[in-house]
Amino acid sequence: MSEPLVERMREFGETIFAEMSALAVRTGAINLGQGFPDSSGPAGMLDIAVDAIRTGDNQYPPGPGTGELREAVAAQRLGRYGLAYDPATEVFVTVGATEGIAASVLALAEPGDEVIVFEPYYDSYAAVIALAGAVRRPVTLRPAGGRFAFDPDELRAAVTPRTRLILVNSPHNPSGTVFTRGELETIADLCREHDLVAVTDEVYEYLTFDDAEHVPLAALDGMRERTVSVSSVGKSFSVTGWKTGWVTAPAPFVRAVQSVKQFLTFAVSAPYQRAAAYALTNEIAWVEELRKSLQGKRDRLVTGLEAAGFDVYRPQGTYFVQADIRPLGFTDGMELARALPGRAGVVAIPTQVFYDHADAGAHFVRFAFCKKDEVIDAAVERLARLR
């Protein structure tokens, strides 16, 4: 029998996260690869979810999401960013941000349309662009001044008459960059000039460090009406397994996204929606303590990686650190990542899998610091064996 998988998806096998997490289990290595915390979110939020299950909130919720959560999301966007959205028509609940992004791209990109992405990119972006029959146009983020940044001229050159969407992830996974207002203005200028739609992945919106500030692209002049913003409860509240996210956008875009999403999963877990609404309304102080804790964990991991011999880029946000492996005598991140569990008992993610231009990321691996301090300490002690 011939290969049953449709051709446009044949370049996508098992995700690198599944491969490396399975390797961690098989070898007993410390998993600093996949970005999930090893502790859960605020107790009050967890109690709400348990109570929702026990009191019978276990059937289909409304397809667009519960009114309670949509109102909480609208209040969060207004209170934090000054962005007003009608919870009835401009907020829509999805099965995590990954589905929100997928439904947005599938709803808005026709076959042959071009979608600009910043590489390295979260791996689902490439897959969903392929599912849509669209064409991805990567713009490379390169090390500059201790962070990863894009060249404005390269971004402008990526726009063609077929460009329809631009996917913007800030705070950025996997580089840890938080786009500056100036960088966002460059993106906004192109969107306004070429009538592009922006889809923004803002799942790490609360998790920025030092003086970095998350500015939603939709908050810039003329961008609210052309931006589909996506976020979720998973990263901010340490419940990545809940897969509860949302889209905020003008009503026509929300209707478009809903038209696709309703035939993917139809609805989102009712108990988690109730708990997410509670968290957005009552647990932001807990998130601020998480942010401070993660900043300390970032510094802990960076110090340990530098002591182990890596060149390290100190992230401005997210869960992740990019480490240059060349000072240790390695040049191929994929080769090292597959050997690392055996050589040092630690799992990392090879950054090159997040690029179209793999050579640009071949010498980086990504480590996650959303772990307990003792786990980070044990990992860097093991990594010192590489010197």
Side-chain angles (χ1 to χ4, degrees), residues 14-41 120 122-123 171 173-176 203-204 207 209 234-242 290-315 317-354 361-387:
E14 180 182 51
T15 73
I16 192 66
F17 304 111
E19 177 186 349
M20 302 313 293
S21 291
L23 186 58
V25 171
R26 191 162 62 248
T27 62
I30 296 173
N31 190 353
L32 297 189
Q34 193 167 5
F36 57 85
D38 51 13
S39 57
S40 294
Y122 182 59
D123 64 343
N173 171 19
S175 77
V203 297
Y204 294 98
L207 306 183
F209 312 128
K235 300 301 194 299
S236 296
F237 295 94
S238 296
V239 283
T240 60
W242 284 16
L290 172 66
R291 187 198 66 77
K292 293 176 183 177
S293 172
L294 284 170
Q295 181 168 311
K297 293 176 186 297
R298 175 205 63 175
D299 294 342
R300 196 181 200 96
L301 180 58
V302 166
T303 298
L305 291 173
E306 289 174 340
F310 294 92
D311 276 348
V312 183
Y313 289 84
R314 188 178 299 268
T318 78
Y319 283 172
F320 307 111
V321 167
Q322 288 294 327
D324 190 328
I325 63 178
R326 291 174 296 183
L328 289 166
F330 304 103
T331 57
D332 187 331
M334 179 67 79
E335 181 180 315
L336 178 61
R338 286 175 170 157
L340 205 54
R343 295 188 61 158
V346 177
V347 164
I349 297 293
T351 307
Q352 66 205 75
V353 302
F354 305 127
H363 52 282
F364 293 111
V365 294
R366 190 195 79 174
F367 293 97
F369 54 84
C370 50
K371 309 295 179 181
K372 294 177 181 177
D373 288 349
E374 56 266 31
V375 173
I376 295 172
D377 291 345
V380 296
E381 182 178 349
R382 294 182 182 190
L383 288 167
R385 302 172 191 171
L386 294 172
R387 297 200 70 161

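These numbers come from the heavy atoms of this one structure, side chains and all, not from hydrogens, waters or symmetry mates. All residue numbers in this chain count up from 1 along the given sequence.
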Against Thr240, only a single residue in Pro37, Ser40, Cys370 fulfils side chain to side chain contact (heavy atoms under 4.5 Å, CB included); can you say which?
Pro37
Which atom of Leu290 lies closest to which atom of Ser238, heavy atoms considered:
CD2-OG, 3.7 Å
Quick check: closest heavy atoms across Val203 and Ser236, and the distance to 0.1 Å?
O-OG, 3.9 Å
Looking at every non-hydrogen atom in both residues, tell me the closest pair between Ala368 and Gly35 and how far apart they are.
CB-CA, 4.4 Å
Least distance between heavy atoms, Ala378 atom then Ile30 atom
CB-CD1, 3.7 Å
Check step by step if side chain to side chain contact (heavy atoms under 4.5 Å, CB included) holds for Asp299 and Phe209.
CA-CA 10 Å; Asp299 294 342; Phe209 312 128; over 6 Å; no
Between the CZ atom in Phe310 and the CD1 atom in Ile325, the distance rounded to the nearest 0.5 Å is 8.0 Å
Go through the steps to decide whether Phe330 and Val365 satisfy the test side chain to side chain contact (heavy atoms under 4.5 Å, CB included), and finish with yes or no.
CA-CA 11 Å; Phe330 304 103; Val365 294; over 6 Å; no
Between Arg366 and Pro174, is there a donor-acceptor pair closer than 3.5 Å when you use the side chain of the first and the backbone of the second?
no
Would you confirm whether the ring centroid of Phe36 sits within less than 6.0 angstrom of the ring centroid of Tyr319?
no
Measuring from atom CD of Gln352 to atom CG of Asp332, what distance do you get when rounded to the nearest 0.5 angstrom?
5.0 Å
What I'd like to find out is whether the side chain of Val347 reaches to under 4.5 Å of the side chain of Ser21, using heavy atoms alone.
no
Are Leu340 and Leu386 close enough, and set up right, to give a side chain to side chain contact (heavy atoms under 4.5 Å, CB included), and what steps lead you there?
CA-CA 9 Å; Leu340 205 54; Leu386 294 172; 3.6 Å; yes
Listed by chain and number, what are the side chain to side chain contact (heavy atoms under 4.5 Å, CB included) partners of Leu23, not counting sequence neighbours?
Met20, Arg26, Thr27, Pro341
Short side-chain to backbone donor-acceptor contact, Lys297 and Lys371, under 3.5 Å
yes
State, yes or no, whether a side-chain contact exists between Ile16 and Pro350 at a heavy-atom distance under 4.5 Å.
yes
Any chance CD of Gln295 has more than 12 other-residue heavy atoms, nucleotides or ligands included, within less than 6.0 Å?
yes
Distance from Thr318 atom OG1 to Arg298 atom CZ, nearest 0.5 Å?
10.0 Å
Spacing of CG belonging to Leu336 relative to CE belonging to Met334, to within rounding of 0.5 Å:
11.5 Å
Start with the C-alpha distance between Val302 and Phe369, add both sets of side-chain angles, then the distance that settles side chain to side chain contact (heavy atoms under 4.5 Å, CB included), and finish with yes or no.
CA-CA 9 Å; Val302 166; Phe369 54 84; over 6 Å; no
More than 12 foreign heavy atoms under 6.0 Å from CZ of Arg343: is that the case here?
no
Shortest non-hydrogen separation from Ala337 to Ala348 and the atoms involved
CB-O, 3.9 Å
Could you label the plane-to-plane angle of the Phe17 and Tyr122 rings as parallel, tilted or perpendicular, counting under 30° as parallel and over 60° as perpendicular?
tilted
Atom of Val346, atom of Arg382 and distance for their closest heavy-atom approach:
CG2-CB, 4.0 Å
Atom CD in Glu374, atom CD1 in Ile376: separation rounded to 0.5 Å?
9.0 Å
Separation of Tyr313 OH from Leu305 CG (nearest 0.5 Å):
13.5 Å
